[in-house]
Amino acid sequence: MRIERLCIERGLKMTGQRRLIARVLSEAVDHPDVEELYRRALALDARVSIATVYRTVRLLEEKGILERHDFGGGRARYEATDHGHHYHLIDVDSGKVIEFADAQHEALAEAIAERLGFKLIGHRLELFGRRAETGPASSARRSKVRRGEDPA
């Protein structure tokens, strides 16, 4: 349980409910919001309260164990800070978050910082998009748009 390990390393007292929330966060393969964390924790222990989940998430964020993201949709979403360096592509239609790494972007960010007289100490990249339409129908629509016609 990597989040529980980080909590212990940073001197946090690990109550049963904190352990539960740490477990749920450690097992998450997505970027859950607090409400989703609460639903998952509740499925494992009916005694957990939403207030405890909110307090725990806030504490873990303050201690640098969780990173808060705003991917749109009005809810903060979370992931462990020890998740490794990566970027996010957010599908604005489904809300799905795709993680990726890109050496070219890393090199470009370093080069830009250096060119402007800085040593890069961190950066974040979040891309928002829609899935590109594929197939003959979308090809015809794109052709009509390029010709200035109504694509409908």
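- Salt-bridge annotation for E61 and R58: absent, with no side-chain N of the basic residue lying under 4.0 Å from a carboxylate O of the acidic one.
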**Message:** If you apply the rule side-chain hydrogen bond (donor to acceptor under 3.5 Å, both in side chains), what do you find for R55 with T52, and how did you get there?
**Reply:** CA-CA 5 Å; R55 278 193 307 273; T52 298; 3.3 Å; yes

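- Taken from CG in D91 to CZ in R130, the straight-line distance is 8.5 Å, to the nearest 0.5 Å.
- Note that the CG atom of D45 and the CZ atom of R23 stand 10.0 Å from one another [nearest 0.5 Å].
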**Prompt:** After noting the C-alpha distance and the side-chain angles of D30 and V97, does the key distance pass the side chain to side chain contact (heavy atoms under 4.5 Å, CB included) rule?
**Reply:** CA-CA 7 Å; D30 55 355; V97 178; over 6 Å; no

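- Counting only heavy atoms from C-beta outward, the side chains of I3 and I65 approach each other to under 4.5 Å.
- When side chains are defined from C-beta on, Y78 does not count as touching E67, because their heavy atoms never get closer than 4.5 Å.
- Not one N or O on the side chain of T56 forms a donor-acceptor pair closer than 3.5 Å with the backbone of R18.
- Cluster membership for L127 and I98, using ILVMFWY side-chain heavy atoms within less than 4.5 angstrom, is shared.
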**Message:** Checking L25 against L60 for the side chain to side chain contact (heavy atoms under 4.5 Å, CB included) test, could you report, in this order, the C-alpha distance in whole Å, the side-chain angles of both residues, the deciding distance, and whether it holds?
**Reply:** CA-CA 11 Å; L25 284 163; L60 298 180; 3.8 Å; yes

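- Under the 3.5 Å distance criterion, the side-chain polar atoms of R40 are left unmatched by any main-chain donor or acceptor of P32.
- Atom NE2 of H31 and atom NZ of K96 lie 12.0 Å apart (nearest 0.5 Å).
- Remark: E114 CD is loosely packed, at most 12 non-hydrogen atoms of other residues, nucleotides or ligands lying under 6.0 Å away.
- At a threshold of 4.5 Å between non-hydrogen side-chain atoms, the residues M14 and I8 count as touching.
- Taking CG from L42 and OG from S49, the interatomic distance works out to 10.0 Å, rounded to the nearest 0.5 Å.
- Judged by distance alone, the side chain of Q17 and the main-chain N or O of R47 form a donor-acceptor pair under 3.5 Å.
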Donor-acceptor list for residues 103-113 side chains, cut-off 3.5 Å, not counting sequence neighbours:
{"unit_1": "H105", "atom_1": "ND1", "unit_2": "Y87", "atom_2": "OH", "d": "3.0"}
{"unit_1": "E106", "atom_1": "OE2", "unit_2": "H85", "atom_2": "NE2", "d": "3.0"}
{"unit_1": "E106", "atom_1": "OE2", "unit_2": "Y87", "atom_2": "OH", "d": "2.4"}

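- Between the CG atom in L59 and the CG atom in L12 there is a gap of 5.0 Å [rounded to 0.5 Å].
- Atom OH of residue Y38 and atom CG of residue D33 lie 13.5 Å apart, to the nearest 0.5 angstrom.
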